[in-house]
Colleague: 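Got a structure here, written out as C-alpha cells. Questions coming.
This one's a predicted model, so the numbers in the text were calculated from it and none came from an experiment. Letters A, B, ... mirror the listed sequences (proteins, then strands); counts begin at 1.
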Amino acid sequence: MSFSRLAAIALATALVAAPLAAQEQKVLRMVPHASLRLLDPLTTTAYVTRNHGYMVYDTLFGYDENYVPQPQMVSDWSASEDGLTYSFTLRPGLAFHDGAAVTAADAVASLQRWMTRDLTGRKIAAVLGAITADSDTEFTISLTAPFGSLVEALAKPSSVVPFIMPKRIIDAAGDGNVEEIIGSGPYRFVAEEFRPGVSAVYVKNENYVPRDEAPSYLAGKKDVLVDRVEWLTFPDDQTTANALTKGEVDLVEAISSDTLSMIEGAPGVEYDLRITSNTPTLRINWLQKPFDNPKMRQAVAAMISQDDFMAATVGDPETYEVCGSLFGCDSPLATDVNALGTSAPDPEKAKALMAEAGYDGEKVVILDASDILSFRGLAPITAQYLRDAGMNVEVQSMDFSTYLAQRNKQDPVSEGGWSIAFGVWNSPDLMSPLSNLNLDTEGAKGYAGWSSDDQLASLKEDYARASSPEEQKAIAEKIQARANDLVFFVPLGTYRTYTAYRDNVTPPLPAPVSVFWGIDKN
Amino acid sequence: MIRLIVLRLLAAVPVMLVVATFVFLLLRLSPGDPALVVAGEQATPEQVEQIRRDLGLDRSLPVQYVTWLSQMAQGNFGASTLSGQPVLDLIADRVEPTLVLALVTIVVTVVIAVPLGAIAAWHHDGWRDRMVMTLAVVGFSVPSFVIGYTLMQLLALKANLLPVQGYISPFDDPLQSLKHLVLPAATLAIVFMALISRVTRASTLEILGEDFIRTARAKGGNENRILWKHALPNAAVPVVTVIGLGIASLISGVVVTESVFNIPGLGRLTIDAILGRDYPVVQGLILVFSLTYVFINLLIDITYLIVDPRIRY
Amino acid sequence: MTHIETPSRPPLLRRLASGAVRQPTMSIAVLVLVLVVLSAMFAGLIAGTDPLSISPRDRYTAPGAEFLFGSDQYGRDIFARVLHGGQISLAVGVLAASLAAVIGTLAGLLAGSFRIVDAILMRVMDGLMAIPNILLAVAIVSLVGPSLLSIVVAICIPEIPRVARLIRAMVLTLREEPYVFAAISMSIPRWKVVLRHILPGCLAPLAVQFSYMFAAAILTEAVLGFLGVGFPSEIPSWGNVIADGKSAFQRAPWCILFPGLFLSVTVLAVNVLGDSLRDRLDPRLAARRRPS
Amino acid sequence: MTSSTASILEISGLSVALDLPGTVRRVVTDVALTVHRRKITCLIGESGSGKSVTSSAIMQLLPSGLRIDGGRVLLDGHDMASATPEDLATLRGRVVSMVFQEPLTALNPVMRVGTQIGEMLAIHRPEMSARAREARILELLGDVHLPDPPQIMRAFPHQLSGGQRQRVVIAMALALEPALIIADEPTTALDVTTQAQILHLFRELMTRHDSGVLLITHDFGVVAEVADFVYVMQNGRVVEHGAADAVLERAEHPYTKSLIAAVPGFRFRPELPVADTALVRAEGLDLTYVTRSFTSAKREIKALDQVSFHIDPGETLGVVGESGSGKSTLAKVLMLFEKPDAGTMTVFGREIGSLRGKALNDYRAGVQMVFQDPFKSLNPRRRVGHSLTEGPMANGVSRSEALARALDLLDRVGLPAEAMGRFPHEFSGGQRQRICIARALAMKPRIVVADEAVSALDVSVQAQVLELFETLKRELGFAMLFITHDLRVASNICDRLIVMHRGRVVETGLTRDVFTNPGHAYTEELIRAIPGGLAMRTQGVLAEQP
C-alpha cells in the first residue's frame, strides 16, 4: 500500500510540475564536445572553455565569414598612419551580467591580462607602449613598433581569446583564476548550477544588446532565442547518439562520422557538417637524435600521406580533405607552397634521406595518447609507415595526462625521451603564423618539439609588421616554404565533424568555433 | 553496540592513513603533470609554470605531503586542480547518484537474487537450480557495458519504454527518477545478482545439510517453511558478508554503468580525476571510499549481531 | 563423535576426471577452453595475416572471403586481431590470476602463521580492499602506462586481498587439524609443515578462486579498454578490439561481435569450470552428493 | 486410544537402496521391527549397520540418494513407506517425532528455544492461542527438568549446555505427545553423567505421555540400562532380536555375542613397582584461557588449576573427566602446544618450558601423540609411507632406516607393507588409528599421549586398538598418558588414574583403588553414571588381568 501511495504522490507531482516547467521556458539541452571544468578562459587553452567564454563574454572584434575582423563590442576604431597608435570606442549600452556598465577600464584590464597569458598577446606586449582608458568608452593602445595584425589578434577565435571581463574581478584574481564568471556576452552563466565535468547552465542575458549586422561567424548580431542552455557532458558517444535519437538532448556539438552512422535516418534527427575543421599534426623532437638532423625529419615527411591518415582515421571522404597549407585551407593565408603530405608515401626518397643523414637504426619513439578519441590511429599508422621506410620504431601508449608530461621531456630517446608526438588543432589555431604554436622558433624554451630557426623567426616578425593582407600572404608563403624545408610539423589532413540536432531546433549558425546564439527551439 | 561503532571507527584511522599515503605516493610519483592538464595542449611553458606555482606543485614532495596531511586533519580537502572547486563540494555533488544507484541495485538484487539462490538450493540439481545457475553464470560472463548497451537498445530505443540516459534525483521527481534508474540499476543488478544468487545457493545448500534442518523437517508441516524460516536466516551471514564485500565491486560496476548511462556519480568523477591528475580530488575520493568501506563493514558487523545471536562483540 | 563412516575423498585428479564424465557441461567448458587456447597459441598460423597491418582502403569490410571476421576502421583483419588478442587476453587472465594467487597465498600463509604479520598485513589488505578494484586498476594503468605488466599488476592487486583472506582462513582452520599438530610434535620445521601439510589443503579452494579470478581478469581487461586505459591498439586484446569497435557498433557490428563472442564464451567456460570445480572440490557440497 | 502395550510401529520387509552411478546398493534389507507403547525398543549395531537409515526411513527423512525399496512401515495405522508429502506434513511431529544425536547442531542456532518448540505447536495446532502455546512450552520445559523454564524459553541454543539442549530437543519431540519417539543415539554426544539423566528422562516421560520409544544406539551399556526389547543389526539386516534381558544373557547370534563381549568391562591391571625417578613430574600447573575479543569484556576459563601429577617409566597414567575438565589441555601442555601460566613440568629430568633448539627437537621426538579422530589425524593428501617416515627423517634418521622402521611398525600394528603406498582414505577408522599409532611410535618416543584415542571407534574395533596399545607397550616399553572420558576404557589400560573436574585434579590413585573405593563425590557420580550400570559391572568386575 505504501508503494502505491508513493506512486500516486509521484504521479500527482509530475502532473502538476511538468506543464509549469515546459510552458514557460525554452530550454536547449546540448552536448558539448568535451566536459567543462575550468571556467577562466584565460587559464587554459581547452576548446570547451573557449566556447564557454563565447557564451558568457563578448569580444572587441569578431571574425566574419571571410576571416576579416569586424567590430563587435567596439563601435568605432582607428589606427594612426604609422601603425603605432590605435584608438577604440565601445558601443553604448554594453553591460555586464551584474548590471555594471562595460567601461574602457574593463577593456584595458582585460587586454592587459590577456597580454600576459596569450602567445600573440605576449608578442603585442613586447611592442606595447601604453594601453590607456581615455574615458568611460574610449581607450588607446600605443605601440613602440608596428604590429600589423593587432586587430586580427583582438578578434582571434583561437584560444586564448581576449574576452572582456570586469576590472574588479580581474583585480581580485591577481595571478590566479577569476573567481566570478561575469561577462557581457549573450548568455549569463549560472554559477550555482555548475557541476564541473557534468553540466553547465546558461540563461539568456536579457540586457544584451546585439549588433544590427546579420550574424557572420563570430561577428554581427548575437541573438538569443532560447531562455536557457544546458551543457550536458556525456562520457560515451554511443549514449550521446542514443540520447539524441530519443530526443533527450536537442543538440550534439560534435559527432564523428562513425558515430553519425548510428543516428543516420533516425526520425527527428538532422545534422550538418561543422565549419570548424580539425587538423591532426605530427610534431618531431628537434633536440634529440635522430631527428636533430633535418634530413631525418624530411624522411618522416616523405612517408606521410595525408590521404592515408584521413582514410584510416576518419574514413568518410565527404568529411576530410588533403590540405597542403600549414595554416589550414580555410585560412586566407592558405597556400600549397612546398606542401608536405599531399602525395603518396615515398619510401625510396625517405631511405635516401636517411642514408644521407647517416641513420644508424637509432630508436624512434612515437608517443600515443590512448584515451583521446581524436588521437586514435595516428601513432600506429605513423609507426607502420616509418617502419616501411626502415626506421626502428617503438610506440609508447599512455593516457593523455602522462602524454602531456612525457611530451615535455627533452631527454634523449634512450633516457625516456620521445621522437614523434601528435596534436589535434581547431582550424583557427593554425590560421595565423603568430598564433600557430607549431611554428614556434624558441627552441628548448618553446613549445614541445623545440623547433628553432632564426630565419623563420624574422619572417614571423615581418609578418607581424605587415600591414596589408597581400603582404601578409606573401610572407606566409615564405614561412611555409622555410618551415617545410626544416619540417616544423606535418599536417596529417583536415577533417570536419558533424553537429547533430533535433528537427525542432534551428540549425546552429556556422562559425569556426561552435556558437550557440541564433539557435531557436520550437 | 556504541562501543563497537566507536572502536571500529578508531580502527579505521590506520587503514585510511595507509590508503591515503599509498594513493598520495602513487599519484605524486606518476609521470602526469596536473599543471599541463590544466593549461591544455596549446599552452606555453610560461603558462604551465604559472599554473604549477598556483597549485603548489613546485614544492618538494615531503612538503606537499605534510601540507596535505595537515590540511586533511583540519577537514580541508583542498580544491580541484581541474576546476578549482572545493573537493568536498565536488564529491558531495556526486554522491547522491552513486548512492541511490547502489542502494536501488542492492535492494533489487537482494529481493530477487536471495530467493532465487535459495530456491535453486532447495531444488538442488533440478531444472530450477540449473536455470538460476545458468543465468548467474551468464550474468557473470558478459562485460557490464555490453549488458548496458543491450538493455538500452532493447528497452529504451526499440521498445521506447525508458529514457536512455541521465539521472534525476528522487527528491525532485520520484517517478522520473525511477524511470531513469531502471536501466542502470538493471545492468548493475544482473552482474550483482549473479554473485549473490550463487553465494545464497551455496550457503543455503550447506545449511540444508545441517542437523537442525532435519529437526525442522521432523516437525512436519509445510516443507517450504524450512527453507524460508530455518535455512535462509542461517544462510544470511555469508550472504551479508558477500553483499558487503561486493559493495566495492559494485562501485567498480557503477563506474562503467555511470559512463554508459551518463550518470554524474562518483565513479566517473574518480576516472576523470585520475586521468586529469586532479590529485586533491582523487585523494578526497579515496578517503571517501575507504570511509564507506569501513562504514559498510560496520554495518555488516551490526547485521551479524541481528541475524546471528551467537555473534557477540 | 559420529560413528557413521563418512566416505573419504579420492585424490584431486581422479575426482576431476570422474566429474567430467558425470558433468557434461564441464566437459564442454574444457573443450571450449582448449579450442580457444589452441587458436590463440597458433594465431599466427591460423590467421595468416598481421593483426597490426593497416590498410586504410579496406576500412570496415564486412566479413567475407577476404576478411573472415571483417575488418576494422583501419582495415585491420579482425580475425587475426581476435586470435592474437586471445593470446593477450588469456595471458592477462592467467598471469593476473597466478600472480594474485601466488602473492595472496604467500600473504595468507604468513598472516595465518604469524600474529604480528597478521595484524599488519591484514590492515594493508583492508586498505586495498577499500578501493574499488576498477578504480585502482585505472589509477595504476594510467600512472605507469598500459603494458602487459602494468595491466596484469593492475588487475591482480585488487584480487590479492581476497586470496589472502581465503588462504588465511584456510590456514587458521587447517592449523588446528590433528595431523598438523602431529607434524609439529615430530619436530618438523615450521616451513615444511606449512608447505607439506597446510598449503596442500588450501589448493582446492585456491583452484576455484583461480578460475574466478581468471575470468574476472579477462572481463576487467575489457572494461579497462572501455574506459580508455586498456592496451594500446598496437597490442590487440579482446578488450581493446571491442573498445575500438564500440563506436562503429551499428555501422560495423562485426567489429565487436566476434571479439565479444570469444571473450564471453571463454569467460563463460571458465566460470562453468569454476562452478564444477567448486561443486567437486568443496567437501561440504561434495558430501551432499554422496549420502552417508 | 489403543491399549497401553499395543504396538504403534510395525515395520516389515523394509529395504532401503542407495543409488550409485551405474549401480544400486541395498543398505537396509528386509528389516522387521515392532515398537510398543510405554516400551523402549533398542536398535543396536555398529557404524554402517543400517540402524540410522532404518530410523530415518520411518520418518521418510532419508538423505538424498537413498530411497525405500520395499516393505511397509505401519505407524499407528499409517503406512509411512507410501505416505504423500501432505500425509507426512501432518504425521511428522504429531504422531512420530525424533530426537537426534548431536544436540549442539540439532537446534536452529538463530531461533529462540521457545520459538522452536512453539513451532511444533504452531504447525499442528494452529488454533492454539499464543498464550496457551506459551503455557504449553513452559510446561514442556518443566517436564524435561530444565531449570527456570521462562528464561530457557527466551534463550538461544548456544546459551545452553549440551545436556540442556538435548532436553530441549526432547521437549520439542514431546510437544504433541506423539505415539512414537525415535531417538537416534540421543546420549552419545553427552557426558556420562548427563547421559544417565537423559536415559532416565526417556523412561519417565514415555510412561507419562503414553508413547513408545525406538532408541538407536551402538552401546550395549545403554541397552542394559533402559531397553525392554532389542534388535541387533549388522550389514543392513536384523540378526537377532528379543527381550533385552534375554538377549543380553543368552545371545545366540555370534555377532551379538561379539558385540557384548567387546564392551569393555572393568579389568584392573596389576600394580607396577614404584619407580625411583618419574619421567614426568608436574607441579602446580595453572592455565587460564582468556578470550578477549576486540570489544567485549574479557572472559576467563580456568583450564588447569593447580594440577600436579607424575608419570613413571613404563606406566600408563589415565586422565578421566568430562568435557571441559581440562584433560585435553593437560595433553597440550605436555606436547608444548600450550604454555602454562604457572607451575613447572619436568620431563626426562629437564624443565620443558625453557627448551630451545636441539633440546626442544629431542624433547618433541620423545613425546608423541595419538589423536581422537582417525579421519583428521592423517594428512589426507599424503601417502601413509610419507606420514610414517617424515618425522624420523626430519630428525636425522636416514631414509632407509626410516623406511625399515616404518615397515616394522606397520607389521606390529597389523597392517600389510603395501599400506605404505596408499592414502589414508583407503583405510577404515580402526586401521587409520593403527597407522597413527605407528606414526607416533616411529619417533621412538618415551611417552605416548593418547587423547581419546579410541573414543571414535566402534566397540569391537576399540577393543582391538586397546589390545594393540597393550602389546606395543609391552614390546617397546614406553609410558603413556591416556586421556579418556570412558571409565570402562580407562580401567582396561591405565595403571593409575587422575580424575579431573573443572581444571582441578579431584582424585588420584591406582586405578583399582579409584574405582572400588572412590574418594571424591564426583568420582562416585562418574562411576554411578556408567551406562549399563549393574548388568555390565557384574559381568566384568574385578576380572584381573594375568
Colleague: So does Gln151(D) have more than 12 non-hydrogen atoms from other groups sitting under 6.0 Å from CD?
Modeller: no
Colleague: Surrounding OH of Tyr65(B) (heavy atoms of other residues, nucleotides or ligands, distance under 6.0 Å), is the total greater than 12?
Modeller: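 It does: Tyr65(B) OH has more than 12 such atoms within range.
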Colleague: Tell me if the CZ atom of Arg25(D) is crowded by more than 12 foreign heavy atoms within 6.0 Å.
Modeller: no
Colleague: So which residue, Ser56(D), Pro178(D), Pro109(D), ends up with the most heavy-atom pairs under 4.5 Å with chain B?
Modeller: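 Top option by heavy-atom pairs under 4.5 Å: Pro109(D).
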Colleague: How far does OG1 of Thr215(B) sit from CG of Leu61(D), to the nearest 0.5 angstrom?
Modeller: 9.5 Å
Colleague: Can you tell which part of Val169(D) gets under 4.5 Å to a heavy atom of chain B, answering side chain, backbone, both or neither?
Modeller: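 Neither; nothing under 4.5 Å.
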Colleague: Applying side chain to side chain contact (heavy atoms under 4.5 Å, CB included) between Lys219(B) and each of Arg94(D), Arg92(D), Met98(D), Met120(D), report the one that passes.
Modeller: Met120(D)
Colleague: For chain D, find which of Asn234(B), Ile213(B), Asn222(B) contributes the most heavy-atom pairs closer than 4.5 angstrom.
Modeller: Asn234(B)
Colleague: Using non-hydrogen atoms only, which part of Gln116(D) is less than 4.5 Å away from chain B: side chain, backbone, both, or neither?
Modeller: both
Colleague: Can you tell me if CD on Glu134(D) sees more than 12 non-hydrogen neighbours from other groups inside 6.0 Å?
Modeller: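 Counting neighbours around CD of Glu134(D), 12 or fewer heavy atoms of other residues, nucleotides or ligands fall under 6.0 Å, so no.
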Colleague: Can you check whether Arg217(B) reaches Met59(D) side chain to side chain, under 4.5 Å on heavy atoms?
Modeller: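 Of all side-chain heavy-atom pairs linking Met59(D) with Arg217(B), none is under 4.5 Å.
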Colleague: Sort Leu91(D) into side chain, backbone, both or neither according to what part of it lies under 4.5 angstrom from a heavy atom of chain B.
Modeller: neither
Colleague: Show the nearest heavy-atom pair for residues His230(B) and Asn108(D), with the distance to one decimal.
Modeller: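 That closest heavy-atom pairing would be ND1-ND2, 2.8 Å.
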